[in-house]
Number of protein chains: 2
Amino acid sequence: MTANTLKRQPLYVQVKQLLLQRMGEGEWRAHDALPSEWELAGELGASQGTVRKALSELESAGLLYRQQGRGTYVAPVPGDWGDAVLLTPGLFSEPPDELAREFLGLSRLNASEDIADALQLRRLAPLLRIRQLWRWHGAPVALDDVLLPAEAFEGMEARWLRNSAGVYATLQQRFGVRLRVRSEQFRAEMLPREEAGLLGVTGMVADVPALCLLRLSESMDGRPLEWRQRYCLTHQLAYTVKHD
Amino acid sequence: MTANTLKRQPLYVQVKQLLLQRMGEGEWRAHDALPSEWELAGELGASQGTVRKALSELESAGLLYRQQGRGTYVAPVPGDWGDAVLLTPGLFSEPPDELAREFLGLSRLNASEDIADALQLRRLAPLLRIRQLWRWHGAPVALDDVLLPAEAFEGMEARWLRNSAGVYATLQQRFGVRLRVRSEQFRAEMLPREEAGLLGVTGMVADVPALCLLRLSESMDGRPLEWRQRYCLTHQLAYTVKHD
DNA sequence: GAGTGGTCTAGACCACGGG
DNA sequence: CCGTGGTCTAGACCACTCA
């Protein structure tokens with residue numbers, strides 16, 4: 001890599017950033033093959049070992065997958081549910097159930113202090129709010145409020161969200177932005193009235209506890225771009241996170 | 001590595017396993033320096049690059065930490081709380097609060113079907129149960145039930161647990177077993193009566209929602225060895241998991 | 001200055017997948 | 001068979017820490 005020093009980043013980091021950029025620009029779609037290690041090495045003027053280190057780190061970050069004897073491929077966008085899985089409680093065996101996602105609406109509001117702080121915006125900054133409902137075997141099990149900085153996603157349209165694989169997929173397809181989870185926060189709460197209505201918990205039933213998940217996500221270059229709140233009903237299903 | 005092939009594992013994996021074994025046998029204590037890459041390479045008959053790959057993987061697994069210009073050191077045993085942190089809710093800024101751990105008791109019981117299954121034991125297998133309470137600024141915030149296969153930890157004594165940095169630290173010190181989290185499961189529940197008593201939630205107060213965490217941990221060679229259930233009060237504090 | 005880990009290179013061989 | 005990624009080696013230079 002001739003004279004492309006910039007800020008004296010190690011070469012393999014520069015290779016990573018360059019590949020991330022090209023992936024962000026949509027040069028390759030999910031499951032497309034990247035050039036081989038030797039081709040990239042030639043293109044970029046680095047050795048094959050250096051390219052390998054960059055590719056390996058992108059693989060462990062979940063952006064690529066590699067198969068011996070075949071090649072290196074762009075990994076599909078992770079679903080909105082994240083790495084977690086809904087499970088029947090008490091069991092650690094895992095039938096990865098398909099959850100159905102239902103888009104409820106797109107609206108605008110202004111950031112509260114907490115949210116502005118988390119997203120590194122000024123107070124009352126305009127936000128987009130996306131609501132969606134998760135169903136498992138037809139029954140509502142979770143409700144999402146997704147908050148995005150309006151400035152970063154100007155031109156967002158509800159129909160993009162209605163017919164898509166999820167918010168993350170839409171952001172990547174329409175804005176070339178790929179998000180990753182920075183941190184998640186769990187809390188047990190009594191389900192608020194409004195959310196209870198949307199989740200179909202109505203009437204005389206005693207108050208219901210809900211798992212409240214907050215998730216802060218960022219772009220690949222580290223800017224926080226999504227604040228998500230999820231209310232999960234966990235009578236029937238638990239929220240599982242696998243490690244490694 | 002001359003003729004130590006075993007089952008045709010890659011050399012760097014064999015190096016990892018050998019180092020894990022020697023760490024498990026207590027050859028080094030926390031913050032002890034390991035031999036340098038070149039010394040290990042000489043000892044084990046591998047190249048320095050291969051040793052480096054093994055060490056790097058152990059570092060990213062959190063078992064070692066390395067400092068340029070100094071050396072490679074054994075990482076301290078993680079606390080019982082795991083990678084998660086208790087936080088004031090709504091905020092993603094992080095004052096890593098010290099939690100006080102209070103040992104409540106050591107008892108024996110027999111495995112239920114679920115737990116025997118998760119720990120890969122026969123039904124009704126004998127278990128050790130360790131109870132402990134977590135306090136934050138004096139107030140109880142969480143209660144742990146730790147279940148361990150009695151067979152694997154015969155001779156466990158309550159006083160070991162009373163005066164220690166936690167269950168994981170005791171297991172490593174007394175039995176040479178280091179655990180890592182395999183999966184965690186979250187659920188919102190109404191706090192059961194017994195746990196409410198231990199957590200100091202008494203009297204006329206309306207029922208309280210609790211975050212119920214299940215954690216399955218395994219030894220470094222992949223045997224499931226701990227089933228843990230934790231009830232967390234999350235009115236004041238939330239349960240946070242950082243990624244990366 | 002000596003010793004450590006961090007990066008980078010060049011070359012070798014192996015294991016796997018597919019034509 | 002070829003091309004791919006996976007492992008392993010040897011050697012070079014750099015950046016950092018510490019005596």
Side-chain angles (χ1 to χ4, degrees), chain A residues 1-20 22-23 28 30-75 244, chain B residues 1-20 22-23 28 30-75 244:
Chain A
M1 192 156 276
T2 54
N4 184 11
T5 49
L6 288 174
K7 285 173 184 174
R8 272 281 145 248
Q9 289 275 60
L11 187 47
Y12 76 92
V13 174
Q14 296 178 42
V15 172
K16 270 176 63 176
Q17 290 171 341
L18 199 146
L19 290 172
L20 277 174
R22 288 167 69 176
M23 288 170 65
W28 303 293
H31 304 293
D32 279 0
L34 262 63
S36 75
E37 295 180 349
W38 283 106
E39 284 174 324
L40 285 171
E43 273 182 54
L44 308 179
S47 78
Q48 174 263 357
T50 299
V51 170
R52 172 179 295 264
K53 179 154 187 178
L55 291 174
S56 297
E57 295 212 347
L58 291 174
E59 182 187 29
S60 64
L63 293 160
L64 301 175
Y65 61 97
R66 320 188 71 189
Q67 288 181 33
Q68 184 172 136
R70 299 196 25 151
T72 302
Y73 303 88
V74 177
D244 294 356
Chain B
M1 192 159 271
T2 53
N4 183 14
T5 49
L6 289 172
K7 285 174 185 174
R8 271 286 144 243
Q9 288 275 61
L11 187 46
Y12 76 91
V13 174
Q14 297 179 42
V15 172
K16 270 177 64 176
Q17 289 170 341
L18 199 147
L19 290 171
L20 277 174
R22 287 166 70 176
M23 287 171 64
W28 304 291
H31 303 293
D32 279 358
L34 262 65
S36 74
E37 295 180 349
W38 283 104
E39 285 174 324
L40 285 171
E43 272 183 52
L44 308 179
S47 77
Q48 175 263 356
T50 299
V51 170
R52 172 181 295 264
K53 179 154 187 177
L55 291 174
S56 297
E57 295 213 347
L58 292 174
E59 182 187 28
S60 64
L63 293 161
L64 301 175
Y65 61 98
R66 318 188 72 189
Q67 289 179 31
Q68 183 173 136
R70 296 192 23 127
T72 302
Y73 302 89
V74 177
D244 294 357

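Note on naming: letters A, B, ... go to the chains in the order of the sequence lines (proteins, then strands), and numbering restarts at 1 for each one. The figures here come from the full heavy-atom set of this structure, side chains too, leaving out hydrogens, waters and symmetry mates.
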If you restrict it to nitrogen or oxygen atoms, what contacts under 3.5 Å exist between nucleotides 4-8 of chain D and the protein, and what is each distance?
residue	atom	partner	partner atom	Å
D/dT4	O2	A/G69	N	3.0
D/dG5	OP1	A/T72	OG1	3.0
D/dG5	OP2	A/E37	N	3.1
D/dG6	OP2	A/R52	NH1	3.3
D/dG6	OP2	A/R66	NH1	3.3
D/dG6	O4'	A/Q68	NE2	3.2
D/dG6	N7	A/R52	NH2	2.8
D/dT7	OP1	B/Y12	OH	3.0
D/dT7	OP2	B/K53	NZ	3.1
D/dC8	OP1	B/L11	N	2.2
D/dC8	OP2	B/L11	N	3.2
D/dC8	OP2	B/Y12	N	3.1

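Between B/L55 and B/L34, some side-chain heavy-atom pair lies under the 4.5 Å cut-off. Side-chain contact check for A/V13 versus A/Q17: some heavy-atom pair is nearer than 4.5 Å. Side-chain contact between A/L58 and A/L20: present, with at least one pair of heavy atoms (C-beta onward) separated by less than 4.5 Å. Between A/L40 and A/L19, the closest side-chain pair of non-hydrogen atoms falls below 4.5 Å.
If you measure from atom CG of B/L40 to atom P of C/dG3, you get 17 Å, rounded to the nearest angstrom.
Listed by chain and number, the residues in a ring pair (Phe, Tyr, Trp, His ring centres under 6.0 Å) with B/Y12 amount to none (sequence neighbours excluded).
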